[in-house]
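Note sheet for the following structure.
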2 protein chains.
Amino acid sequence: MDRPRKPTLDTVAGVVGVSRATVSNAYNRPDQLSAALRERIMQTAASLGYSGPDPVARSLATRHSAAVGFMLGQGLSASFADAALSIVLDGLASTVDGHDHCLVLIPGRDKGGPRPETVARAQADVVVAYSLPDDAPALAAVRARGLPMVVIDQPVLPDTARVEVDDFGGARLAASSLWALGHRRFGVLTFALHPDGHNGPVTPERLTSTPFRVTRDRLNGYLDVIGATTPAWECARSSRELGRAGARALLSAVPAEQRPTALLCASDELAFGALQAVRDLGLRVPADVSVIGFDDVPAAEHADPPLTTVRQPLAEKGRHAGELALRLLDGGRPGEPTRLAVSLVSRDSTAPPE
Amino acid sequence: MDRPRKPTLDTVAGVVGVSRATVSNAYNRPDQLSAALRERIMQTAASLGYSGPDPVARSLATRHSAAVGFMLGQGLSASFADAALSIVLDGLASTVDGHDHCLVLIPGRDKGGPRPETVARAQADVVVAYSLPDDAPALAAVRARGLPMVVIDQPVLPDTARVEVDDFGGARLAASSLWALGHRRFGVLTFALHPDGHNGPVTPERLTSTPFRVTRDRLNGYLDVIGATTPAWECARSSRELGRAGARALLSAVPAEQRPTALLCASDELAFGALQAVRDLGLRVPADVSVIGFDDVPAAEHADPPLTTVRQPLAEKGRHAGELALRLLDGGRPGEPTRLAVSLVSRDSTAPPE
DNA sequence: TGGACGTTCTGAAGCGCTTCAGTCACACTC
DNA sequence: GAGTGTGACTGAAGCGCTTCAGAACGTCCA
């Protein structure tokens, strides 16, 4: 199988009878040569089957690779199942895509983000990190490579751009609204405090030592309003099924007269599960139990009943991260962290306790 | 801002006092040098802040980049919302990830897959194409670059590995089961026949000229059993909302006594919408209308009622595509296309007509 | 008519790494 | 002690492109 060697810039230059630099210019700086010559070069290239400068060689020479890396806290599949993440990614893609950049997904291992070796090999000019544990080795790996980085929902790292949301305030908002409605007995449903796959009641130790800023802030926001002794349940992932199980545990742990009249959920996905759990137990939302979510993913509006939730601007978060990434790519400085506002969206899953 | 120049292989070699080749070997072929020297090199590298060979330069020299490209038929956001795609990607990731490869997502434009320019710039050694139109320019762009390719759910392309599913047979299976139950009046819900955003009744012209193999096969499978004159509705995307609208149209187009007693949906997502539409009209599933899906995404089992559907092995599809990609990477030949089996999963959304 | 200026194209020096054919020193064999 | 290995390391030739400082050749104005 002696397939003919792939043509290169040199091949084309040779055939046309110009220098390699000129062919390169034909692709990258059309204003540097006459239109006629350029045309001739392009024709020859086409007839030779040359499909443009090799991206890798180009990247080596220019020192950038037209790709933004995205480090996931979880495996690809879990990521794809996460509606909030999808929206963020979409926002990111919408800013980044116009510039002919590709998105390199760097999947996380089960525990705490991507492996450092994977990060070391990824070809990207800038990477954005999304909801990794604060101490993820991948974060260090990026810095070791000297790549610019933007983090979403994560604590300050020197020399790093950041976009975040007021999770603490949002959680307080949710809890206060329930309190104002007259609720006094609560249950809290949260996603992972530690990347160890644990499902069960939240213990103070697990809460104080969590490396996940978002989880910590939301949980603390709730507890700040409704009291630290409120029973809380930790789900290993933000999934409907785990939320359902957790909510069931919360609701059936105590006699009916002490049962929570309101469930605060750290994500909509968890809240959907909670909705289901309430039905499973033959109870009604919101008459018997109010349920409140966090994120305001599109499905929240179509849930049964439509879910009251804390809205965070997910798409904007992604878009903003994209803009920051692009700016860093241009050699810009990280600048001040951007903090986006949250708001309460009242729908039909909350009401005064009966 | 005169930040110190990043150390390179040369820097390390200079400091240790060995040749560059040796440092390279320390990283790539530990058996080529003494353990002691290797150790010394690694130490020096660490103290210099050298984080391993630059991936781009390495790719140029070795001529491969440890990344597999994945061409999407749609924008990133639509892709992330697609449960079936997510599962396929997950399967793919699970085989590919162990080899320290990254996944480069090449997002599609609205119409028919990624732009050829984007493809030309993407850094990947192999690309997998998923449910693009048969005539997508991106496909040609990959071939022009001479990259190996594996296609999922797409017709044969010379020199291309392929994994596919028996969509026609699966659709026949679904239709036959309904027929056997006694149904004689049907409605069919399909996703896009053409990438033009059209929603409405399926016309014969649109059907025969569709560039989407999957759509064509499923639809033809249904019609093969239940007759070509069955009313069918085309949704621009495989979304719950569009399915709901389409099903409503199908169910209310005719007087009640001629109303379809069964709805055949080309995807589960569409079927979920149909379930909702039936309820919207005050009818019951399956007593008044049976609904059958296609794919068997996880949510099918938890739908209300649980959805009867055609199961295709999504994860395996992705895994297989990953294995093929890896094999092509090793210079293997494409080999025979793999055809995976489908099966009918009977749940509670189908029953004999009342 | 000569110099300043533009336009168009070229030569050559990299970008940071891999790899292959050696070289060198040393041990081992008969 | 000449021949044969063998393990450890190196020199240099690329990989395919970009880019920058010119060269070459007009053109235009004073």
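Note on naming: letters A, B, ... go to the chains in the order of the sequence lines (proteins, then strands), and numbering restarts at 1 for each one. Quantities reported herein were computed from a predicted structural model and do not represent experimental measurements.
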Side chain of [X] - closest among [options]:
X       : options                : value
B:Pro53 : C:dC17, D:dC9, D:dT10  : C:dC17
B:Thr22 : D:dC9, C:dA12, C:dG14  : D:dC9
B:Gln32 : D:dT10, D:dC9, C:dG16  : D:dC9
B:Leu37 : D:dC17, D:dC9, C:dC9   : D:dC9
A:Ser19 : C:dC17, C:dC15, C:dT10 : C:dT10

Salt-bridge present (B:Lys317, B:Asp153; N to O < 4.0 Å)
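Between B:Asp153 and B:Lys317 there is a salt bridge, with a charged N closer than 4.0 Å to a carboxylate O.
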May I ask you to say whether B:Asp54 pairs ionically with A:Arg145, meaning some side-chain N is under 4.0 Å from a carboxylate O?
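So B:Asp54 does not pair with A:Arg145 through a salt bridge.
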Please give, in whole Å, the distance from [N] [atom2] to [X] [atom1]?
X        : N      : atom1 : atom2 : value
B:Asn25  : D:dT10 : CG    : P     : 10 Å
B:His64  : D:dC15 : NE2   : C1'   : 12 Å
A:Leu60  : D:dG14 : CG    : P     : 17 Å
B:Leu9   : D:dG11 : CG    : C1'   : 15 Å
B:Lys6   : C:dC17 : NZ    : P     : 8 Å
B:Arg20  : C:dC20 : CZ    : C1'   : 14 Å
B:Arg29  : C:dC20 : CZ    : P     : 6 Å
B:Arg121 : D:dC17 : CZ    : C1'   : 12 Å

Scan [X] against the nucleic acid and name what it touches under 4.0 Å (heavy atoms): base, sugar-phosphate only, or nothing.
X       : result
A:Val56 : nothing
A:Arg38 : nothing
B:Thr62 : sugar-phosphate
B:Ser24 : base
B:Leu33 : sugar-phosphate
A:Ser34 : sugar-phosphate
B:Tyr50 : sugar-phosphate

Under 3.5 Å, is there a donor-acceptor pair between the A:Thr22 and A:Ser19 side chains?
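Yes, a side-chain donor-acceptor pair sits under 3.5 Å.
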Comparing B:Asp31 and A:Arg58 on DNA chain D - which has the more 5′ nearest nucleotide
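In this pair, the answer is B:Asp31.
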Please determine whether a side-chain nitrogen or oxygen atom of A:Asn28 lies at a distance below 4.0 Å from atom OP1 or OP2 of D:dT18.
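It does, given that an N or O in the side chain of A:Asn28 lies less than 4.0 Å from OP1 or OP2 of D:dT18.
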Under 4.0 Å between a side-chain N/O of B:Arg63 and OP1 or OP2 of D:dG14, yes or no?
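Indeed not, no polar side-chain atom of B:Arg63 lies that close.
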Quick one: does A:Asn28's side chain have a donor or acceptor within less than 3.5 Å of a partner on A:Ser24's backbone?
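It does hold such a pair.
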Answer yes or no: is there a donor N or O on one side and an acceptor on the other, between the side chain of B:Thr44 and the main chain of B:Met42, under 3.5 Å?
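Side chain of B:Thr44 to backbone of B:Met42: no pair is present.
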Take the angle between the ring planes of A:Tyr130 and A:Phe70 and call it parallel below 30°, perpendicular above 60°, tilted in between.
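Ring orientation, 0 to 90° scale: tilted.
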